[in-house]
Chemist: 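Have a look at this one.
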Amino acid sequence: MQIGELTAKDFASDQDLRWCPGCGDFAILKQVQTVLAKLGHSQEDTVFISGIGCSSRFPYYMNTYGMHSIHGRAAAIASGLRLTREDLNIWIVTGDGDSMSIGGNHLIHLLRRDLNVNLLLFNNEIYGLTKGQYSPTSKKDLITKSSPYGNQERAFDTLALCFGAGASFIARSIDREAKHLQEILIQTNEHEGSSFLEIYQNCHIFNDGTFQNYSDRSLQKINALFLEDGKPLVFGEHQELAIKLDGLNPKVVLKDEYSLEDLWIHDSSDRVKASILINEVDTQENFPKLFGVVYKKEKLNTRSNSPNKLSENYLLDLLKGSNSWLVK
Amino acid sequence: MIAEVKDSISIKFAGDSGDGMQLTGTQFTDNTALYGNDFATFPNYPAEIRAPQGTIHGVSGFQIHFGSFEINTPGDEFDVLVAMNAAALKDSLKSLKKTGLLIVDIAGFDKKNLRLAAFDPEEDLLEESRFSDYHFIKIDISSLSKEALKEIDLDPKQKDRSKNMFVLGLLLWMYGRNLQSVEDFIETKFRKNPLLKEANLKVLRTGFYYGETAELQSYKKEIKAAKLEPGTYRNIMGNKATALGVMTAAFKANLNLFYASYPITPASDILHELAKHAKAGVQSFQAEDEIAAVCAAIGASFGGALGATGTSGPGMALKSEAINLALMLELPLLVIDVQRAGPSTGMPTKTEQSDLLFAMYGRNGESPIPIIAAHSPGNCFEAVYWACKIAIEHMTPVIFLSDGYLANGSEPWKVKDLKDLPEIQPVYLSAEDTQEEAFLPYKRNADLVRSWVQPGTKNKQHRIGGLEKELVSGNVSYSPENHQKMTDIRAEKVALIAKKLPEQTIMAGAKSGKVLVIGWGNTTGAIKSAVLELLKEAKEVAHAQINFIHPFPENLANILNSFDKILVPELNNGQLIKLLKVAFPNNKFYALNKIQGIPFKKSEIKDAILNLLG
Ligand SMILES: Cc1ncc(C[n+]2csc(CCOP(=O)(O)OP(=O)(O)O)c2C)c(N)n1
Ligand code: SF4
Ligand SMILES: [Mg+2]
């Protein structure tokens, strides 16, 4: 297949889209289809595996191979496929309930094993499909059907959770930023190992506006920090603010008071800095949220497998064992 | 002096779990196999790795029954008991035959051991008069072993640990064997530790020659080799046979094998065995839990490998939802359940047959899944081979039931010739369907089986999932009529498998008569020996042991109709009998149940049959 021979449309299946009009899932679907065409992937070598949730309907809409499985288990199913099929391009599509609640165990073990798959976490901070209960990523005090007096629980720090599990690629984007999402999807696909991409996705039925701080262009400037390798960490209404390290502590400074060399230049391969970004910057209210590829390291290669078939002689020897005897 | 010739002997090795009784038992078994006897074994050990030393809880036993004719069970009672300490004696003496031979290690009966086994530490437990019913041999095995090793530079603890070799040597001498197989084993096992190798060999030989010096010749017995059907034989345990059966099925079907599992007693040894063959083309995967294991296996099947997973009861409970996914996806999946005793954690190292109804009904919705049960350690091979064949050829999850007793028990097994096994043909897309423009993932063949089209196949991209499928197209559908149809098809598809199954056979007795004993799983030996004895007494009784429980073989109805009464012994509260009563409402079934974590005794079955015969 020649690069560029297929278009985004070729990656769309003939199924009607069943998401609520205005759902952030549409935008993500479009970008994924675009990226696959752009990168010259073939339809038949691409597989999407999902769990259960609104987001997990995704595979039905892709003209690729796909499995809409059971709640929380997409990562485990994809692991079995990955280990037996080295040739396929495997994607996992999951929700915040799907892989941070019921499937949390599989998520962390997938990341620990660093199998080569792309995991897209559609985080809408709510259980969409079951009609609006709080999720493990819902903000504190959020009023939902199952938290009528406000959510009493603390939300997961999603990136920190994955970093702790040893993820080799950690990134974040948002449904409303088409270009950014496209760029990060490309990097997600290119990384060899488990690529974790969290996509902030608006559920405008049950949790509308939860990401407004990052989707609204003017609010975004203050609240979002778009990371790019080789560029300083700047944000603010007029890009006047920067984050700088004071020893091991990050602090917000006025960009113009420092020369470029003195600012913090993003290097996604720097594990120590990634740890500070993920654990100290992303988790604290007085800092902006991180977007882009936060951390990336070369494949760990913790488990290698070359699927093979048994040879007849090997099997015959094994069946006979080392202590057989002949009865005449 | 010429040894007395006997038909069979049953021995129990009993000691503390640190005394190496399992090793003694398995080595004695291997030697017995090479000698040509038929045999059956029963290892019985505590769940704790280091159970409280010296106590009843810590007793580990290994029973072997070997003979010159067909051996079906480890024996209700044994002819010989080796008790390495007071707790072992307390645990096992009740099943030693009157006039049987009791061998004890004096060192295991000191005050401390008596106290730990809850005997009065002041009493002389080993006083001869107490054991006048038996032949009684007291040996200070521990000091004789240490004495043999006085030249060898090992610490006393390590020396003490070799005492099981003394027992092994002595018993091998007693039954006229040579030491070759054990010596070979020790050579390999301690290849890297010459001191331990020397020590074990030395104590083994000391035990072997002890019989001669201590003038125990009168206890020597000869058990001639059994007349087995010609062929190559080996000793095999159920879990090993299961692993080999799965490998062989993958080979015959020309598929990669992917086995995913989470460790659990008594299924772990299947994982251990398969993991050994990683370099030869077996992929094993230790998943983070049982759900992940079954899901990974489903992922592998989706990709075109034979996906298999194995566990025991508690793990089965976790796998239910995913097994149902495989049912909806209509992909091959082998699920192995090595049953253990009780609900929840129950009694992990003990045996029971109480997961049958769970296998049959333990999933949400209407969920028909084929069930195949092995009925002896060696039969695990063929039974699981069939389970794989059905999973692959009928695109369905299949549950294979084994149990702790089969898993760890062993018997001589005639090595299968690959040619003699039925072929396994995966259902790939036919040439004509390949040509077709529109690909219909749920289009079915005459057996109602859809074809297995794997990712990577050009122009056949499709999506499958757990939501109800539309007939043929496989698109999501909530239509009432469609759901009815799909539910019926899934049931019919499994029912049709009956046409492909081997006929049910009668294991012992005539084709018709008064009482048929029908069993499944590990009850084979006890039923068969009971029936054979009654046949000798000219009773009208027969025995059938079923492998295929869902669906039942087609000729089962005829067999049942040829008997007045049908006895169904099970190590549960009556599970197969429920299925039989529903399937064959006009036959008269009688239950015999036992839930003690141990197999049936021949005598229990015999009594029940006699009772029915009236
Ligand atoms: C075993 C099981 N438990 C519960 C459910 C019900 N359920 C379906 S989706 C879902 C939550 C979905 O939330 P999320 O993963 O965030 O996906 P979203 O719908 O928000 O995209 C739940 C609880 C289920 N399908 N299976
Ligand atoms: S409920 Fe929310 S997440 Fe689900 S489709 Fe509707 S808008 Fe999207
Ligand atoms: Mg959600």
Side-chain angles (χ1 to χ4, degrees), chain A residues 13 15 18 42-50 52 59-85 87-88 90 105-106 108-109 112 303 305 307-312 314-316 318-328, chain B residues 30 33-34 36 181 228-236 244 247-248 250-251 254-258 260 277 280-283 285 287-289 291-292 295-305 307 321-322 325 329 415-416 418 455-467 475-476:
Chain A
S13 75
Q15 302 291 302
R18 297 274 179 86
S42 72
Q43 298 154 322
E44 67 270 15
D45 291 332
T46 306
V47 183
F48 281 84
I49 298 183
S50 66
I52 297 289
Y60 288 123
Y61 309 138
M62 295 296 300
N63 184 15
T64 62
Y65 283 87
M67 189 195 293
H68 176 224
S69 72
I70 44 177
H71 200 22
R73 317 300 172 197
I77 293 169
S79 300
L81 183 62
R82 171 80 294 156
L83 290 167
T84 47
R85 292 291 300 270
D87 54 326
L88 303 170
I90 303 176
N105 200 23
H106 311 310
I108 58 176
H109 288 279
R112 175 177 67 82
R303 215 195 130 98
N305 264 286
N308 221 326
K309 289 202 174 70
L310 283 160
S311 83
E312 179 158 359
Y314 186 88
L315 186 64
L316 289 176
L318 192 65
L319 291 179
K320 201 160 152 239
S322 50
N323 271 327
S324 62
W325 68 97
L326 193 67
V327 174
K328 290 198 190 100
Chain B
D30 279 350
L34 290 172
S181 72
L228 298 168
E229 213 183 294
T232 303
Y233 283 80
R234 64 172 290 171
N235 168 24
I236 204 157
L244 297 189
M247 287 173 71
T248 305
F251 174 79
N254 195 24
L255 296 173
N256 288 327
L257 172 60
F258 180 82
H277 309 297
V282 174
Q283 276 186 289
F285 178 61
E288 56 271 25
D289 58 32
I291 300 174
C295 286
I298 291 172
S301 284
F302 183 49
E321 187 192 13
L325 173 66
L329 299 177
V415 177
K416 284 275 170 302
L418 293 181
T457 316
K458 215 168 162 40
N459 294 328
K460 305 292 171 202
Q461 297 88 259
H462 61 281
R463 278 67 51 194
I464 52 179
L467 289 172
N475 289 334
V476 175

Chemist: Kindly give the heavy-atom pair with the smallest separation between A:Ala76 and B:Ala292, and that separation in Å.
Modeler: CB-CA, 3.7 Å
Chemist: So for A:Leu318, is it side chain, backbone, both, or neither that comes closer than 4.5 Å to the heavy atoms of chain B?
Modeler: both
Chemist: Chain A: which of B:Ile298, B:Leu329, B:Asp289, B:Val476 shares the most heavy-atom pairs with it under 4.5 Å?
Modeler: B:Asp289
Chemist: Relative to chain B, which segment of A:Asn105 carries a heavy atom at a distance below 4.5 Å: side chain, backbone, both, or neither?
Modeler: both
Chemist: If we define contacts as heavy-atom pairs under 4.5 Å, which of B:Ser301, B:Pro455, B:Pro230 has the most with chain A?
Modeler: B:Pro455
Chemist: Against chain B, label A:Leu315 side chain, backbone, both or neither, depending on which of its atoms sit under 4.5 Å from a heavy atom there.
Modeler: side chain
Chemist: Without swapping roles, check the side chain of A:Arg85 against the backbone of B:Gly303 for a donor-acceptor pair under 3.5 Å.
Modeler: yes
Chemist: Locate the shortest heavy-atom distance separating A:Ser13 from B:Arg463; write the atom from each residue and the value.
Modeler: CB-NH2, 3.6 Å
Chemist: I need the A:Ser322 OG to B:Asp30 CG distance, nearest 0.5 Å.
Modeler: 8.0 Å
Chemist: Within the 4.5 Å heavy-atom criterion, are B:Phe302 and A:Ile77 side-chain neighbours or not?
Modeler: no
Chemist: Determine the minimum heavy-atom distance between B:Leu228 and A:Val327, stating which atoms define it.
Modeler: O-CG1, 3.2 Å
Chemist: What closest approach, in Å, do B:Asn256 and A:Lys309 show between heavy atoms, and which atom pair accounts for it?
Modeler: OD1-CG, 3.2 Å
Chemist: Working to the nearest 0.5 angstrom, can you tell me the gap between A:Leu316 CG and B:Phe251 CZ?
Modeler: 7.0 Å
Chemist: Please state whether the side chain, the backbone, both or neither of B:Ala250 comes within less than 4.5 Å of a heavy atom of chain A.
Modeler: neither
Chemist: Identify the heavy atoms of B:Leu34 and A:Ser324 that sit nearest to each other, and give their distance.
Modeler: CD2-O, 3.9 Å
Chemist: Could you look at A:Lys320 and say if it's the side chain, the backbone, both or neither that has a heavy atom under 4.5 Å from chain B?
Modeler: both
Chemist: Closest approach of A:Thr84 and B:Gln283, non-hydrogen atoms and distance?
Modeler: CG2-OE1, 3.3 Å
Chemist: Check salt bridge (charged side-chain N to carboxylate O under 4.0 Å, His left out) between B:Glu229 and all other residues, then give those that pass, not counting sequence neighbours.
Modeler: B:Lys414
Chemist: Kindly compute the distance separating CD (A:Glu312) from OG1 (B:Thr248), expressed to the nearest 0.5 Å.
Modeler: 10.5 Å
Chemist: Side chain, backbone, both or neither: which part of A:Gln15 has a non-hydrogen atom closer than 4.5 Å to chain B?
Modeler: side chain
Chemist: Look at B:Leu257, B:Asn235, B:Leu467 and state which one has the largest set of heavy-atom pairs under 4.5 Å with chain A.
Modeler: B:Leu467
Chemist: Check whether B:Leu255 gets within reach of chain A through its side chain, its backbone, both or neither, counting any heavy atom under 4.5 Å.
Modeler: backbone
Chemist: Answer with side chain, backbone, both or neither: which region of B:Ala297 has an atom nearer than 4.5 Å to a non-hydrogen atom of chain A?
Modeler: neither
Chemist: At a heavy-atom distance under 4.5 Å, which candidate from B:Gly466, B:Gly465, B:Gly456 has the highest pair count against chain A?
Modeler: B:Gly456
Chemist: What part of B:Ala305 gets closer than 4.5 Å to chain A, counting heavy atoms only: side chain, backbone, both or neither?
Modeler: side chain
Chemist: Return all side-chain donor-acceptor pairs below 3.5 angstrom for residues 59-72 of chain A, not counting sequence neighbours, or 'none' if the list is empty.
Modeler:
residue: A:Tyr60; atom: OH; partner: A:His68; partner atom: ND1; Å: 3.0
residue: A:Tyr61; atom: OH; partner: A:Arg18; partner atom: N; Å: 3.0
residue: A:Asn63; atom: OD1; partner: B:Gln461; partner atom: NE2; Å: 3.3
residue: A:Asn63; atom: ND2; partner: A:Asp10; partner atom: O; Å: 3.3
residue: A:Tyr65; atom: OH; partner: B:Thr457; partner atom: O; Å: 2.7
residue: A:Tyr65; atom: OH; partner: B:Lys460; partner atom: O; Å: 3.3
residue: A:Ser69; atom: OG; partner: A:Ser50; partner atom: O; Å: 2.7
residue: A:His71; atom: ND1; partner: A:Ile52; partner atom: O; Å: 3.2
residue: A:His71; atom: ND1; partner: A:Asp98; partner atom: OD1; Å: 2.8

Chemist: Is there side-chain contact between A:His106 and B:Ile291, with heavy atoms separated by less than 4.5 Å?
Modeler: yes
